[in-house]
Each structure stands twice: as C-alpha cells, then as structure tokens.
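Right, one structure below, let's go through it.
A quick note: this is a predicted structure, and the numbers were derived from the prediction, not measured. Heavy-atom basis, side chains included; hydrogens, waters and symmetry copies ignored.
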Amino acid sequence: NIIFNFCSFENIESLKSYLDIFNNINEYCETVYHINKTLTDELVVSGSKALDSAERVMEYLDLAYEFCEQKKQYIENHNNS
C-alpha cells in the first residue's frame, strides 16, 4: 500500500474506495490502461529495479513501447467497432 504514502490525508478514503473496485493490479491495469496481465507483471517486476545500466534503460524503453502498442491496439479496435 505504498501508494497511500503519496496521497493527501483528505484523499485516502476516496482512493481506497476507488481501488477496492478492482480485485487486483491486473484487473486495474486492464480496465484503466487496457494492457494485458503479461505486460502488467513485467512492469511490476521492472518497476522494482533501478535504472542503473544501459541494459535496464533498454528494458524500460521496450516495456514503454509495448505499453504504447497495447494502448494503440485497444484504441484501433474500439474506433472500428
């Protein structure tokens, strides 16, 4: 629940109520960001690591690219329906 460390006291209850709508981080990311479980899991793992080497930066950029591709696919699928 580290997210609550960055939330104002006045907003904690609202944020908790909002996050309680979702069963887990995968459901949240699928609903809000329209990305799949595989990418969500990869982002969680990547986010726990420092950007301390060129290799880590490239991994971060690859994940950012995949994030954008999944968002693009979602938008294209919904614009064509």
Side-chain angles (χ1 to χ4, degrees):
N1 294 345
I2 195 167
I3 192 168
F4 298 118
N5 293 339
F6 300 97
C7 180
S8 68
F9 178 76
E10 296 83 10
N11 292 328
I12 287 177
E13 289 307 315
S14 295
L15 181 57
K16 284 181 181 178
S17 294
Y18 174 70
L19 293 175
D20 282 344
I21 294 170
F22 307 99
N23 293 318
N24 54 52
I25 191 169
N26 294 310
E27 184 180 349
Y28 173 83
C29 288
E30 182 179 343
T31 302
V32 174
Y33 299 113
H34 311 293
I35 61 173
N36 65 31
K37 180 183 183 316
T38 301
L39 180 56
T40 299
D41 292 344
E42 290 174 352
L43 289 168
V44 168
V45 170
S46 177
S48 69
K49 301 174 187 176
L51 292 175
D52 55 3
S53 68
E55 181 180 331
R56 285 285 304 122
V57 171
M58 290 305 299
E59 179 184 322
Y60 173 85
L61 292 173
D62 289 343
L63 290 171
Y65 179 81
E66 181 59 28
F67 178 88
C68 291
E69 285 296 307
Q70 288 190 25
K71 294 277 292 183
K72 177 183 169 190
Q73 187 64 47
Y74 173 81
I75 291 167
E76 288 174 352
N77 287 345
H78 284 78
N79 281 341
N80 294 330
S81 50

Task: Distance, nearest 0.5 Å, that separates NZ of K37 from CG of N24 - done: 8.5 Å

Open item on the list: Please report the interatomic distance OG1(T40) to OH(Y33), rounded to the nearest 0.5 Å.
Closed with: 10.0 Å

[atom1]/[X]: more than 12 non-hydrogen atoms of other groups inside 6.0 Å:
X	atom1	result
K71	NZ	yes
I25	CD1	no
F67	CZ	yes

Open item on the list: Distance alone, cut at 3.5 Å: any donor-acceptor contact between the side chains of Q73 and N77?
Closed with: yes

Open item on the list: Quick one: does any side-chain atom of N11 pair with a main-chain N or O of S14 as donor and acceptor, under 3.5 Å?
Closed with: no

Open item on the list: Taking E27's backbone N and O only, do any of them form a donor-acceptor pair with T31's side chain (distance below 3.5 Å, no angle check)?
Closed with: yes

Report yes if the side chains of [X] and [Y] come closer than 4.5 Å at any heavy-atom pair, otherwise no.
X	Y	answer
Y28	N23	no
I3	L19	yes
Q70	N36	yes

Any link between [X] and [Y] through a network of hydrophobic side chains (Ile, Leu, Val, Met, Phe, Trp, Tyr) touching at under 4.5 Å?
X	Y	answer
M58	Y60	yes
L43	L51	no
V32	L15	yes
V44	F22	no
I21	I12	yes

Open item on the list: According to salt bridge (Lys or Arg N to Asp or Glu O under 4.0 Å), does anything in residues 53-68 pair up with another residue at least two apart or in another chain? List the pairs.
Closed with: R56-E59

- [ ] Take D41 and V45 through the test side chain to side chain contact (heavy atoms under 4.5 Å, CB included) and record every step on the way to the result.
- [x] CA-CA 6 Å; D41 292 344; V45 170; 5.7 Å; no

- [ ] Answer yes or no: is there an ion pair linking K16 with D20, defined by an N-O contact shorter than 4.0 Å?
- [x] no

Task: Parallel, tilted or perpendicular: ring planes of H34 versus Y74, cut at 30 and 60 degrees - done: parallel

